[in-house]
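First comes the structure, then the notes that go with it.
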Amino acid sequence: MFRNRFRLSLVLAVPVVFFSPMFSDILGYARPSFAGAEWISPLLGTVIFFYGGWPFLTGLVAEVRLRQPGMMTLIAMAITVAFVASWITSLRLFGLELDFWWELALLIVIMLLGHWLEMRALGAASGALDALAALLPDRAVRVDGDDLTEVPLADLAVGDVVLVRPGARVPADGTVIDGTAEIDESMITGESRPVARSVGASVVAGTIATDSAVRVRVTALGDDTALAGIQRLVAQAQASSSRAQALADRAAALLFYFAAGSGVLTFGVWLLLGSPGDAITRTVTVLVIACPHALGLAIPLVIALSTERAARAGVLVTSRLALERMRTVDTVLFDKTGTLTRGEPGVTGIALAPGEDRGAVLGLAAALERSSEHPVARAVVRAADEADGVPPVPVVDFRALPSLGVEGRVDGRLVAVGGPRLLRERAATAPADLSTAAAAWEAEGAAVLYLLDGGAVRAAFAVRDEVRPESREAVAALQRRGIRVAMITGDSRSVAESVGAQLGLDEVFAEVRPQDKDAKVAELQQRGRKVAMVGDGVNDAPALARADVGIAIGAGTDVAIESAGVVLAGSDPRAVLSVIELSRASYRKMVQNLAWATGYNLLSVPLAAGILAGVGFVLSPAAGAVLMSLSTIVVALNAQLLRRIRLDPEELARA
């Protein structure tokens, strides 16, 4: 609305300004003279007043009804006074010489521009619930006896049995009644490793069967599912987020009372002095000059420039208030998986049985895992690809072992890779050195894989989500700035404490369910902390919305991004430092612009009222209008200085 009204009003404002007598007198040019030329400014100015000024006039009504005068009241008052005074002048009534058509047109155009920039920068998280719903498949495979029927999700009923194939999403909450599969629940729990689910286990809508098919009896649909519960948490948290009144609105409210009081006082004083004409002229000038050209752009210009500057640094600001609040944050709460860590498993340790060669056993394990799509298998393959001296190994008769691992034949020998359960199934015993290493890894929360060759355990591999190298720099830099750093995760306490120790975190919350993440943010806020939450998963969405500032890692899910006020386009946690620096710099510019804009009004209004008339100085309407334009230019130039701030995460981490 503001954009469309701004564009048309801008086009109409050009002839209004050009044909304005006051504007031509200021610049000293001769206006074209032809029949009807004197009515161009009044007629087009009237269109601008009613079309472009309509949002401000309706805003005036709303603010008056609430008894909360602010920016809209101040703007509406000024444009209405300018409109009436200009028509009186154009009709040559009462001898009034106050042609404010050009000032009226520019005022409305500038205010529309400011509000358009402001609305565009405010970007609410309106797509969060839609992004959550998109996790569910459109259709499900229903089991009817021996028949399989693909049906829309809406046709399912509690008690139906559905088939979830490998790689497919679970369509509804339910219980596994046949089969065993590794379920990727990371989007719900934040757990980076797939979890084995067999007969009798519960599964949640939206999760993924990674390796095998299972049959699930539906226990909950629609609003009763866990995913729907997270949707409600997101909605509640967003609704509970405070919407602090903008600084400009508070300044405008004060300025309204100042301008209105000054106008009444000006009219009364000049009337007592016996000058009705001067009383009207001075009062109109006061009320028009009091309109906040500069004040109306002070905040929107800073917002527009700061969001543009942030985007160039890989920081996408979707909420103005989030950026404003970031400067006050004293606690940054990071999600672990995909934020402080890479979000995917990696091989972090290899233990060898006596006499074994590292390259040989890694090559053998990777040869088996290449045919598997399991995330842990990809970690082993990636480790082999990145290592030197790992020979290729041909494998035949490959077979996946649900919830156990994989196996195949190499040179006629049966070789397998799997976890501790595989050892128990094959009655194999790991050498003492491997058992000791495995126990230490498991204590730190790592998964352990074993390589069995003909029944003998040749090696063990530690697989876990790796800590990002840049996470250490981010944590240290935040702590140097006096900001506490905490971590929250759905992983086990041993995993969480291991990561916390590596990074030197101030506080760790482990084994936290999605709804509890939201509660943990609220708990920190109840302690009096200003919390910024950084996350990337569906399970982080309620906490992101609840926090004073929600920051989503751009590589994360759509719902996390839509629930946040700030989005980091990359996955570097050091970019949080860029957000803090940008917030502080933007706030400084907002305060400076507001100080200039309100300071100008506080000085010019008394001069326009004629406070120095006794010494022969009176601020003319034309001079006041020019000063208003200069004030706007000063504000615009000051905002441009935001382009000079440095937002490089590496530089800020070293500072």
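Scope of the values below: all heavy atoms of this structure, side chains included, with no hydrogens, waters or symmetry mates.
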**OP:** Please report the closest heavy-atom contact between L449 and V380, naming both atoms and the distance.
**Re:** CD1-CG2, 3.9 Å

Subject >> Pair Q502-R472, side chain to side chain contact (heavy atoms under 4.5 Å, CB included): steps then yes or no >> reply: CA-CA 8 Å; Q502 292 180 59; R472 295 180 177 85; 3.4 Å; yes

**OP:** Before giving the answer on side chain to side chain contact (heavy atoms under 4.5 Å, CB included), spell out for D335 and K517 the whole-Å C-alpha distance, their side-chain angles and the decisive distance to 0.1 Å.
**Re:** CA-CA 9 Å; D335 172 58; K517 287 192 174 184; 3.0 Å; yes

Subject >> Side chain R382, main chain P345, donor-acceptor under 3.5 Å >> reply: yes

Original post:
Can you tell me if E470 uses its side chain to pair, donor with acceptor, with the backbone of P649 under 3.5 Å?
Top reply: no

Original post:
Is the shortest distance from a Lys or Arg side-chain nitrogen in D648 or R654 to a carboxylate oxygen in the other one below 4.0 Å?
Top reply: no

Original post:
R342 side chain to R468 main-chain N or O, any donor-acceptor pair under 3.5 Å?
Top reply: no

Original post:
Taking only residues two or more places apart in sequence or in another chain, which ones pass side-chain contact (heavy atoms from CB on, under 4.5 Å) with L414?
Top reply: E407, R409, R426

Original post:
How would you list, by chain and number, every residue that makes a side-chain contact (heavy atoms from CB on, under 4.5 Å) with A383, sequence neighbours excluded?
Top reply: V347, L362

Show me the donor-acceptor pairs, under 3.5 Å and distance only, between side chains in residues 428-441 and residues at least two apart or in other chains.
| from | atom 1 | to | atom 2 | distance (Å) |
| --- | --- | --- | --- | --- |
| S435 | OG | A430 | O | 3.4 |
| S435 | OG | P431 | O | 3.2 |
| T436 | OG1 | A432 | O | 3.0 |

Original post:
Who passes side-chain contact (heavy atoms from CB on, under 4.5 Å) against R527, sequence neighbours left out?
Top reply: E507, F509, E523, L524, R529

**OP:** Please examine the side chains of I645 and R584, heavy atoms only from C-beta on, and report whether any two atoms are closer than 4.5 Å.
**Re:** no

Original post:
Is any side-chain heavy atom of L582 less than 4.5 Å from a side-chain heavy atom of L647?
Top reply: yes

Original post:
With sequence neighbours excluded, what pairs up with N638 under the side-chain contact (heavy atoms from CB on, under 4.5 Å) test?
Top reply: K589, Q592, N593, L641

**OP:** Hey, could you give me each pair passing salt bridge (charged side-chain N to carboxylate O under 4.0 Å, His left out) that has a residue in residues 446-462? Not counting sequence neighbours.
**Re:** E356-R458, R413-D453, D453-R458

